[in-house]
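In each ligand, atom 1 is the first atom listed, and ligand 1 is the first ligand listed.
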Amino acid sequence: MTEPTPPVLDIRDLRKSYGDLEVLKGVSISAPKGHVVSLIGSSGSGKSTLLRCANLLEDSQQGEILFEGEPVRWRGTGPARHPADRHQVIRIRTNLSMVFQQFNLWSHMTILQNVMEAPVTVLGEDRHEVEGRARSLLDKVGIGDKCDAFPAQLSGGQQQRAAIARALAMQPRALLFDEPTSALDPELQQEVVRVIKVLAEEGRTMILVTHDMRLAADVSDHVVFLHQGLIEEQGPPQKVFGAPSSTRLQQFLSATAA
Ligand SMILES: Nc1ncnc2c1ncn2[C@@H]1O[C@H](COP(=O)(O)OP(=O)(O)OP(=O)(O)O)[C@@H](O)[C@H]1O
Ligand SMILES: [Mg+2]
């Protein structure tokens, strides 16, 4: 018998505080290869914090994070806990590419340069190869004609698609999205939603924080509802959206549907 493939990302009983404020109170989520896991919940419930802890942009104080079965190595405990191995951090972070609400493109670089930058400078890949990949990714997200433009010359939807191409250029094992459509007008949101749906259909592993319940319902294999730093309910989208059992989730869904 072959060993089952470990999840791309496996978070176990994660706890995180900012000073006295306990933001994550023991959260476990798992993203198997090829699955889309959506995180939903009210503002302040800890969704962004969980993503940032997952790719080691933030320290967490307790619990484990496993990347493809490999546990993050820590030194110290509690508030003094930090990742022990800088190379491991870089490897994990580059394999869990993040797409942010505010795009975070580099304003002084063209769109093509934005997409090429990290594979060339962080991964040390061949510039010529990366350029070919970057151009085809920009084609894929529908902005192949914007290679030489600067971010400020693009619409919000185009900038976010450039940010997705930039994340894909790292050839990551998973993509982490933090509200990729929240900063956009409704018609621009749809351009980005279309790209995310294509990525889901391709079988990319993704963790998606979103306020767009229709998107979460359409693309997710699994939906997690966070409430005040704890998982209040989780399950397949049909169950979470169609037959929520917790009162808090019912209230959250009726408030977002309004
Ligand atoms: N750097 C920080 N320092 C102190 N507190 C923080 C920090 N970042 C987040 N918090 C607090 O942690 C809690 C969770 O924040 P987080 O950003 O994870 O929520 P969220 O679920 O992503 O909310 P939203 O839907 O508004 O984006 C909030 O109470 C927030 O004020
Ligand atoms: Mg957030």
Side-chain angles (χ1 to χ4, degrees), residues 9 11-31 36-65 72 78-83 89 93 96-105 156 159-160 163-164 167 174-186 188-189 192-193 196 206-217 219-220 222-235 237 240-241 244 246-258:
L9 186 64
I11 293 176
R12 299 184 184 163
D13 200 24
L14 203 73
R15 290 169 186 266
K16 158 87 184 162
S17 300
Y18 290 107
D20 292 339
L21 179 69
E22 199 179 13
V23 177
L24 300 176
K25 302 174 183 167
V27 175
S28 302
I29 59 164
S30 177
V36 180
V37 177
S38 289
L39 297 179
I40 61 171
S42 317
S43 182
S45 57
K47 306 177 299 293
S48 296
T49 304
L50 183 57
L51 278 195
R52 294 171 59 82
C53 287
N55 85 343
L56 307 172
L57 284 169
E58 292 274 0
D59 283 342
S60 47
Q61 281 95 42
Q62 270 187 60
E64 292 307 323
I65 299 170
V72 171
R81 181 170 99 156
H82 306 288
V89 171
R93 196 174 291 156
L96 301 174
S97 272
M98 192 123 158
V99 176
F100 300 92
Q101 182 175 352
Q102 295 297 341
F103 331 133
N104 295 7
L105 295 168
Q159 288 187 56
Q160 189 59 299
I164 293 172
L175 290 163
L176 311 183
F177 288 93
D178 194 355
E179 300 201 19
T181 58
S182 299
L184 303 172
D185 293 339
L188 300 185
Q189 287 180 10
V192 174
V193 163
I196 294 172
M206 303 197 269
I207 301 184
L208 172 67
V209 170
T210 185
H211 279 137
D212 182 340
M213 296 304 129
R214 186 179 295 171
L215 173 62
V219 301
S220 307
H222 191 76
V223 180
V224 174
F225 172 59
L226 269 186
H227 179 76
Q228 296 180 357
L230 282 170
I231 295 177
E232 170 85 9
E233 185 164 345
Q234 60 181 319
V240 167
F241 294 115
S246 104
T247 311
R248 283 185 184 129
L249 176 55
Q250 289 164 7
Q251 285 166 350
F252 173 77
L253 292 175
S254 51
T256 51

### Task
Please write down residue, atom name and distance for the protein heavy atom closest to atom 26 (O) of ligand 1.
Ser43 OG, 2.6 Å

### Query
Donor-acceptor pair, Ser220 side chain versus Ala217 backbone, under 3.5 Å?
no

### Message
To the closest 0.5 Å, what do you measure between OG (Ser48) and CD (Gln101)?
### Response
7.5 Å

### Query
When you check the gap from the basic side-chain N to the acidic O, do Glu64 and Arg12 get nearer than 4.0 Å?
no

### Query
Which of the numbered atoms in ligand 1 are below 4.0 angstrom from a heavy atom of His211?
25 (O)

### Message
Under a 4.0 angstrom heavy-atom cut-off, which atoms of ligand 1 come close to Thr49?
### Response
14 (C), 15 (O), 16 (P), 18 (O)

### Query
Rounded to the nearest 0.5 Å, what separation is found between the CG atom of Leu24 and the CZ atom of Arg52?
12.0 Å

### Proximal ligand 1 atoms for Leu21, defined as those under 4.0 Å from one of its heavy atoms
11 (C), 29 (O)

### N, O or S from Ser48 under 2.8 Å to the Mg ion (ligand 2)
yes

### Task
For Gly46, counting its heavy atoms only, list the atoms of ligand 1 lying under 4.0 Å from any of them.
14 (C), 18 (O), 19 (O), 20 (P), 21 (O)

#### Entry: Euclidean distance, Phe225 CZ relative to Ser38 OG, rounded to 0.5 Å
14.0 Å

### Task
Would you mind finding which of Ser48, Ser17, Ser45 brings a heavy atom closest to atom 17 (O) of ligand 1?
Ser48

### Task
Quick one: look up the protein heavy atom nearest atom 3 (N) of ligand 1 and list residue, atom name and how far away it is.
Tyr18 CD2, 3.4 Å

### Query
From atom 24 (P) of ligand 1, is the closest protein heavy-atom distance below 4.0 Å?
yes

### Message
Just so I know, are the side chains of Glu22 and Gln61 near enough to count as touching, which here means a heavy-atom distance under 4.5 Å?
### Response
no

### Sub-4.0 Å protein heavy atom next to atom 7 (C) of ligand 1
yes

### Query
Considering only heavy atoms of Ser42, which atoms of ligand 1 have at least one such atom less than 4.0 Å away?
21 (O)

#### Entry: Gly44 N/O under 3.5 Å from ligand 1 N/O
yes

### Query
Atom OG of Ser60 and atom CG of Asp13: how far apart are they, to the nearest 0.5 Å?
11.0 Å

### Query
Heavy-atom contacts under 4.0 Å between Val23 and ligand 1: side chain, backbone, both, or neither?
side chain

### Query
Could you give the distance from OG (Ser45) to CD1 (Ile231), rounded to the nearest 0.5 Å?
11.0 Å

### Query
Quick one: which ligand 1 atoms are inside 4.0 Å of a heavy atom on Glu179?
25 (O), 27 (O)

### Message
side-chain contact (heavy atoms from CB on, under 4.5 Å) for Tyr18 and Val23? Distances and angles first, verdict last.
### Response
CA-CA 7 Å; Tyr18 290 107; Val23 177; 3.4 Å; yes

